[in-house]
Amino acid sequence: MLRFAPSPTGDMHIGNLRVALFNFIMSKQLNEELIIRIEDTDKERNIEGKDKEILDVLNLFNIEYSQVIHQSSHVKFHRNFAIALMHDKKAFNCFCSTEQLEMDKKEAKEKKIAYRYLGRCENLPADQVIDNMAPFTVRLKKPLKSVSFTDKVKGKLTFEPNDIDSIIILRQDKNPTYNFACACDDILNDISLVIRGEDHVSNTPKQIAIRDALKYEKKIEYAHLPIILDTNGQKMSKRDNASSIKWLLSEGFLPEAISNYLILIGNKPPVEVFTLKEALEWFDLSKISKSPAKFDIDKLRFLNREHMKRLDNKELSRYVGFADDEIGALAKIYIDECNTLNDLREKIKPYFEPRDEDGEFGEGVKIIKKLILKSDHIQDFNDFKEHVINETGLEGKNFLKPLRIVLTNSQDGPELAIVYPLIKNFLKEIAS
RNA sequence: GGCCCCAUCAUCUAAUGGUUAGGAUUCAUGGUUUUCAUCCAUGCCAUAGGAGUUCAAAUCUCCUUGGGGUCACCA
């Protein structure tokens, strides 16, 4: 069983989506289920409706999953696990106040050493625990030995007990912390492979330590994906427009192109342009680069063009706001000079807007429009051209430019012989 | 600062220890196109630095430098 575990505290960004994509691909290749686990244990930060939005994005990108679980519904199990750990003396009550801990941290910082829990409550005598009315958290005792695991992309990683530390597993309000809830649920959901971002690397030994303490024996495999950096080489923040899926979509990038890009970077695929379905065939987790990749919007633009070319005329037509095959075909002519659907829309829109009749070629435009309105429909462009020449007496530049303006609403552009068959059915509408 | 990870063109990457260090994107130039764009061709641009191992190092080892991640009663 695989999992994608977003928290409903913010919008989907490309890092999340990439993790979701990889989980989906691996679940297909392994023929295992993929579940969506909404990590909503921090009620303060949860945003109403975000879980739904996340699922909408997954659907839009054709990421299939077998079920959705809200982590908050498992809290009673998490507490039971914590009680078991306390029974086994692997976890203990910690009465340190927030202020006390803050002071410890401040002191560590002044001494320029990493803050670690000082173990103040670890070996409290029983009477001091029972008689203690102060609020308390529950901590897991740090492991006795170092923890190692072999990451599918990073290789073997080892962490010392001191770096794992005696972490809080239950807060004062007795709700589980992230690492604890996560470790427990990976057990409860029978997870076999965890694919997540590199920012979780240091959480992994903690979660392994929790499962070890619970005597869970199944080995869970891990793959930590290098994070995506912005152009400056920093972790992409929510402030970077390009990191927002919503923004990319609104800019006119196709989901299929975004998927393509996110699977392509930091990877060595056999081809550069591909669909998610095609990637299922050859995707290989072991080929993922260990080093972070920088987000390159130019490459995404290139892929977007390629994917626009792959759409059939009807689909493309819908994307630019029409429903006719001809408009789709017309849009295709412009793809090479466009990066996004928005660019394309801007190319098609003028066709159905009023022509300039006051400019240099305004007179010619008026004459040709009038002729079109009183003429019969003409199939062939050359016949149409002949007809206009014969009926209007226009010639040379004074013929070609107005004709181009009437047909395309622009002084330059693609060859009229190519455009004509696609718009001939709209001519009366355009000329009126 | 502690811990962990990483290092080939501007970007994504290729190269069983032996290549002229290859491709794609971007950029520039030229050609085609009665127009713009396309298209085609060409060009620019990289093994972070220093030691070592070896007949031979982008590739193996070590050091330095640089970059990134992470250090919550957030996830």
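So that the names make sense, note that chain A is the first sequence line, chain B the second, and so on, each numbered from 1.
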**Student:** Start at the 5' end of RNA chain B and walk down; is the nucleotide closest to Gln234(A) or to Val201(A) reached first?
**Tutor:** Val201(A)
**Student:** Expressed in whole Å, how much space separates the C1' atoms belonging to rA21(B) and rC9(B)?
**Tutor:** 11 Å
**Student:** Could you let me know what rC27(B) is paired to, Watson-Crick or G-U wobble, both distances under 3.5 Å, or none if it's on its own?
**Tutor:** rG43(B)
**Student:** Rounding to the closest angstrom, what is the interatomic distance between rC44(B) and rG50(B) at atom P?
**Tutor:** 25 Å
**Student:** If we ignore angles and hydrogens, is there a donor and acceptor under 3.5 Å between the side chains of Asn179(A) and Asn203(A)?
**Tutor:** yes
**Student:** Looking at Phe136(A), does the NZ or CZ of Lys174(A) lie under 6.0 angstrom from its six-membered ring centre and within 45 degrees of the ring axis?
**Tutor:** yes
**Student:** In the strands shown, is rU34(B) matched to any nucleotide by a Watson-Crick or G-U wobble pair with both distances under 3.5 Å, and which?
**Tutor:** none
**Student:** In whole Å, I'd like the distance from the CD1 atom of Ile228(A) to the C1' atom of rC6(B).
**Tutor:** 16 Å
**Student:** Are Val388(A) and Lys385(A) close enough, and set up right, to give a side-chain contact (heavy atoms from CB on, under 4.5 Å), and what steps lead you there?
**Tutor:** CA-CA 5 Å; Val388(A) 176; Lys385(A) 209 162 71 175; 6.0 Å; no
**Student:** For residues Phe81(A) and Phe180(A), establish whether the separation of their ring centroids is below 6.0 Å.
**Tutor:** no
**Student:** State the pairing partner of rG2(B); accept Watson-Crick or G-U wobble contacts with both distances under 3.5 Å, and report none otherwise.
**Tutor:** rU70(B)
**Student:** Could you state the atom-to-atom distance from CZ of Arg37(A) to P of rA75(B) in whole Å?
**Tutor:** 12 Å
**Student:** Check every strand shown and say whether Lys294(A) touches a base, only sugar-phosphate, or nothing at a heavy-atom separation below 4.0 Å.
**Tutor:** sugar-phosphate
**Student:** With a non-hydrogen cut-off below 4.0 angstrom, is Thr41(A) in contact with a base, only sugar-phosphate, or nothing?
**Tutor:** sugar-phosphate
**Student:** Taking atom CD of Gln67(A) as the centre, does the number of heavy atoms from other residues, nucleotides or ligands within less than 6.0 Å exceed 12?
**Tutor:** yes
**Student:** Find which nucleotide of RNA chain B each of Phe295(A) and Glu160(A) is nearest to by heavy atoms, and output the residue with the more 5' nucleotide.
**Tutor:** Glu160(A)
**Student:** Need one value for Gln172(A): base, sugar-phosphate or nothing, where a base atom within 4.0 Å counts as base even if backbone is also close, heavy atoms only.
**Tutor:** base
**Student:** Mark yes when over 12 heavy atoms from residues, nucleotides or ligands other than Lys152(A) sit less than 6.0 Å from its NZ; otherwise mark no.
**Tutor:** no
**Student:** Just to be sure I understand the rule, does Lys105(A) reach a base, reach only the sugar-phosphate, or reach nothing, if contact means heavy atoms closer than 4.0 Å?
**Tutor:** sugar-phosphate
**Student:** Quick one, give me the B/S/- string for nucleotides 60-66 of chain B, reading 5' to 3', where B means a protein heavy atom under 4.0 Å from the base and S means that only happens at the primed atoms, P, OP1 or OP2.
**Tutor:** -------
**Student:** Would one find a side-chain N or O of Arg305(A) under 4.0 angstrom from OP1 or OP2 of rU26(B)?
**Tutor:** yes
**Student:** Can Asn175(A) and Thr41(A) be counted as having a side-chain donor-acceptor contact under 3.5 angstrom?
**Tutor:** no
**Student:** Write down the distance between NE2 (His200(A)) and P (rG69(B)), rounded to a whole number of angstrom.
**Tutor:** 14 Å
**Student:** For nucleotides rC6(B) and rA41(B), find the distance between their P atoms and express it as a whole number of Å.
**Tutor:** 39 Å
**Student:** Over how many whole Å does the gap from Leu225(A) atom CG to rU70(B) atom P extend?
**Tutor:** 15 Å
**Student:** Taking atom C1' in both rU29(B) and rA56(B), what distance in whole Å separates the two?
**Tutor:** 39 Å
**Student:** Under 4.0 Å between any heavy atoms, over every strand shown, what does Thr137(A) touch: base, sugar-phosphate, or nothing? Just pick one.
**Tutor:** base
**Student:** Using the P atom on both, measure rU25(B) against rA58(B) and round to a whole Å.
**Tutor:** 28 Å
**Student:** With respect to the side chain of Asp298(A), which nucleotide from rU70(B), rC5(B), rU26(B) is positioned closest?
**Tutor:** rU26(B)
**Student:** Report the base-pairing partner of rA15(B) (Watson-Crick or G-U wobble, both distances below 3.5 angstrom), or none.
**Tutor:** none
**Student:** What string of B, S and - do you get for nucleotides 28-49 of chain B, 5' to 3', when a contact is any protein heavy atom under 4.0 Å?
**Tutor:** ------BBBSSS----------
**Student:** Would you say the side-chain atoms of His78(A) and Asp185(A) include a donor-acceptor pair closer than 3.5 Å?
**Tutor:** yes
**Student:** Please evaluate the base of rA7(B) for a donor-acceptor partner in the side chain of Lys290(A) within a cut-off of under 3.5 Å?
**Tutor:** no
**Student:** What nucleotide among rG69(B), rG2(B), rU13(B) has an atom nearest to a side-chain atom of Asp199(A)?
**Tutor:** rG69(B)
**Student:** Quickly work out the Tyr261(A) OH to rU25(B) P distance and round it to whole Å.
**Tutor:** 14 Å
**Student:** When you measure from the side chain of Asp163(A), which nucleotide among rC3(B), rU11(B), rA72(B) comes out closest?
**Tutor:** rC3(B)
**Student:** For the side chain of Leu157(A), starting at C-beta, report the closest nucleotide among rA75(B), rA24(B), rC4(B).
**Tutor:** rC4(B)
**Student:** Does rA7(B) have a Watson-Crick or wobble mate here (both distances under 3.5 Å), and if so which one?
**Tutor:** rU65(B)
**Student:** Contact class for Asn175(A) vs. all strands (heavy atom < 4.0 Å): base, sugar-phosphate, or nothing?
**Tutor:** nothing
**Student:** Roughly how many Å is it from CD1 in Ile265(A) to C1' in rU25(B), rounded to a whole number?
**Tutor:** 13 Å
**Student:** Are Phe295(A) and Tyr261(A) close enough that their ring centers fall under 6.0 Å?
**Tutor:** yes
**Student:** Using the P atom on both, measure rC62(B) against rC5(B) and round to a whole Å.
**Tutor:** 13 Å
**Student:** Count the heavy atoms of every other residue, nucleotide or ligand shown that sit under 6.0 Å from NZ of Lys309(A), and state whether that count exceeds 12.
**Tutor:** yes
**Student:** With ring pair (Phe, Tyr, Trp, His ring centres under 6.0 Å) as the test, would you mind laying out the steps for Phe4(A) and Tyr65(A) before giving the verdict?
**Tutor:** CA-CA 9 Å; Phe4(A) 172 60; Tyr65(A) 47 86; 9.4 Å; no
**Student:** Measure from the side-chain heavy atoms of Ser7(A) and tell me the nearest of rU25(B), rG69(B), rA75(B).
**Tutor:** rA75(B)
**Student:** Measure from NZ on Lys287(A) to P on rU13(B) and round the result to the nearest Å.
**Tutor:** 14 Å
**Student:** Let's see if you can work this out: which of rA75(B), rA24(B), rC6(B) has an atom nearest to the side-chain heavy atoms of Asn203(A)?
**Tutor:** rA75(B)
**Student:** Provide the distance between the two P atoms, one in rU34(B) and one in rU20(B), to the nearest whole Å.
**Tutor:** 44 Å
**Student:** Checking Lys105(A) against Tyr115(A): charged group under 6.0 Å from the ring centre and within 45 degrees of the axis?
**Tutor:** yes
**Student:** Could you give the CG-to-C1' distance, from Leu303(A) to rC12(B), as a whole number of Å?
**Tutor:** 10 Å
**Student:** Any base atoms under 4.0 Å from Ser289(A), or only sugar-phosphate, or nothing? Heavy atoms, all strands.
**Tutor:** sugar-phosphate
**Student:** Can you identify which nucleotide, out of rA72(B), rG69(B), rC5(B), has its nearest atom closest to the Lys235(A) side chain?
**Tutor:** rG69(B)
**Student:** Verify the contact: side-chain N or O of Lys206(A) to OP1 or OP2 of rA72(B), cut-off strictly under 4.0 Å; return yes or no.
**Tutor:** no
**Student:** Considering only atom C1', compute the distance from rC27(B) to rU64(B) and round it to an integer number of Å.
**Tutor:** 34 Å
**Student:** For the residue pair Asn339(A) / Arg305(A), report whether a side-chain donor-acceptor contact shorter than 3.5 Å exists.
**Tutor:** yes
